[in-house]
Amino acid sequence: QVQLVESGGGLVQAGGSLRLSCAASGRTISSYTMGWFRQAPGKEREFVALVRWDGGILTYADPVKGRFTISRDNANNMVYLQMNSLKPEDTAVYYCAADRAMIVRTSARGYDYWGQGTQVTVSS
């Protein structure tokens, strides 16, 4: 089992930045694809970004390309999401997720472990 805990969310003005962290415990995530998803009120959970187990593949949803950067530190079992130039439409609960399969996919269904989420609110 893998436990994931997100942190770093908060309230920020439009144009500002936040860095989300995801701390994994229970076992190493070094062989897992790690993803970030978000869910806004009244909307379905959507893909934000992912990083392959070795960092060799990075994928972003179109709305965040050029503004968000995903990274991982396998030695410390951590994953990060740097969010710049934030917009009010980025407001959501952000979730960290781990996929045991050694493939890269953006569907939330493929992910095996989830954190509890961290709230990000961007004011206009």
Side-chain angles (χ1 to χ4, degrees):
Q1 286 288 337
V2 173
Q3 292 78 44
L4 302 173
V5 179
E6 303 94 336
S7 61
L11 174 64
V12 63
Q13 289 188 333
S17 298
L18 284 173
R19 188 193 194 206
L20 304 184
S21 298
C22 174
S25 62
R27 62 176 299 165
T28 178
I29 58 169
S30 60
S31 65
Y32 296 177
T33 292
M34 297 300 296
W36 286 96
F37 293 78
R38 67 186 182 185
Q39 188 167 18
K43 295 188 176 181
E44 292 187 354
R45 190 168 299 188
E46 65 175 4
F47 167 74
V48 175
L50 66 82
V51 55
R52 198 176 67 178
W53 63 274
D54 61 351
I57 294 178
L58 305 174
T59 304
Y60 298 93
D62 286 343
V64 308
K65 282 181 181 177
R67 300 188 297 121
F68 290 12
T69 303
I70 189 171
S71 61
R72 66 189 299 159
D73 177 355
N74 284 342
N76 291 296
N77 247 19
M78 295 290 296
V79 181
Y80 305 98
L81 186 68
Q82 178 67 43
M83 306 186 295
N84 298 328
S85 303
L86 283 161
K87 305 176 181 180
E89 51 264 43
D90 294 318
T91 295
V93 176
Y94 283 71
Y95 298 90
C96 175
D99 185 353
R100 293 178 299 181
M102 298 192 76
I103 58 176
V104 173
R105 48 193 169 187
T106 60
S107 172
R109 291 183 179 181
Y111 287 75
D112 303 288
Y113 304 107
W114 291 84
Q116 82 290 346
T118 185
Q119 176 70 48
V120 171
T121 303
V122 184
S123 63
S124 57

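Bear in mind that the values here come from a model prediction, so they are computed numbers and not experimental data.
- The two residues Val2 and Leu4 have their closest heavy-atom pair at CG1-CD2, 3.7 Å.
- The two residues Thr33 and Ile103 have their closest heavy-atom pair at OG1-O, 3.1 Å.
- Nearest heavy atoms, Asp90 versus Arg67: OD2-NH1, 2.7 Å.
- Closest of all the heavy-atom pairs between Leu81 and Ala49 is CD1-CB, 4.2 Å.
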Test side chain to side chain contact (heavy atoms under 4.5 Å, CB included) on Ser71 and Gln82; report intermediate values, then the result.
CA-CA 8 Å; Ser71 61; Gln82 178 67 43; over 6 Å; no
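- Shown here for Asn84 and Ser17, the closest heavy-atom pair between the two residues is OD1-OG, 2.9 Å.
- Asn76 places no side-chain N or O within 3.5 Å of a backbone atom of Met78 that could act as its donor or acceptor partner.
- Cluster membership for Trp114 and Leu20, using ILVMFWY side-chain heavy atoms within less than 4.5 angstrom, is not shared.
- Under the 4.5 Å side-chain heavy-atom criterion for Ile, Leu, Val, Met, Phe, Trp and Tyr, Trp53 and Val79 are members of distinct hydrophobic clusters.
- Nearest heavy atoms, Glu6 versus Gly115: OE2-CA, 3.2 Å.
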From CA spacing to verdict: side chain to side chain contact (heavy atoms under 4.5 Å, CB included), Phe47, Thr59
CA-CA 10 Å; Phe47 167 74; Thr59 304; 4.1 Å; yes
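- Using a 4.5 Å cut-off between side-chain heavy atoms of Ile, Leu, Val, Met, Phe, Trp and Tyr, with links allowed through other members, Val122 and Tyr60 fall into the same hydrophobic cluster.
- Ring geometry for Tyr111 against Phe37 counts as perpendicular: the plane angle is over 60°, on a 0 to 90° scale with 30° as the lower cut.
- A donor-acceptor pair under 3.5 Å is formed between the side chain of Arg72 and the backbone N or O of Val51.
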For a side chain to side chain contact (heavy atoms under 4.5 Å, CB included) check, start with the C-alpha distance between Arg38 and Val64, then their side-chain angles and the critical distance, and finish with the verdict.
CA-CA 12 Å; Arg38 67 186 182 185; Val64 308; 3.9 Å; yes
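- Leu50 is not connected to Phe68 by any chain of hydrophobic side-chain contacts under 4.5 Å among Ile, Leu, Val, Met, Phe, Trp and Tyr, and they are in different clusters.
- Not a single donor-acceptor pair under 3.5 Å links the side chain of Gln13 to the backbone N or O of Ser123.
- A donor-acceptor pair under 3.5 Å is absent between the side-chain atoms of Arg105 and the main chain of Asp99, judged by distance alone.
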Do Tyr80 and Cys22 pass the side chain to side chain contact (heavy atoms under 4.5 Å, CB included) test, and can you show the C-alpha distance, the side-chain angles, and the key distance before you say yes or no?
CA-CA 6 Å; Tyr80 305 98; Cys22 174; over 6 Å; no
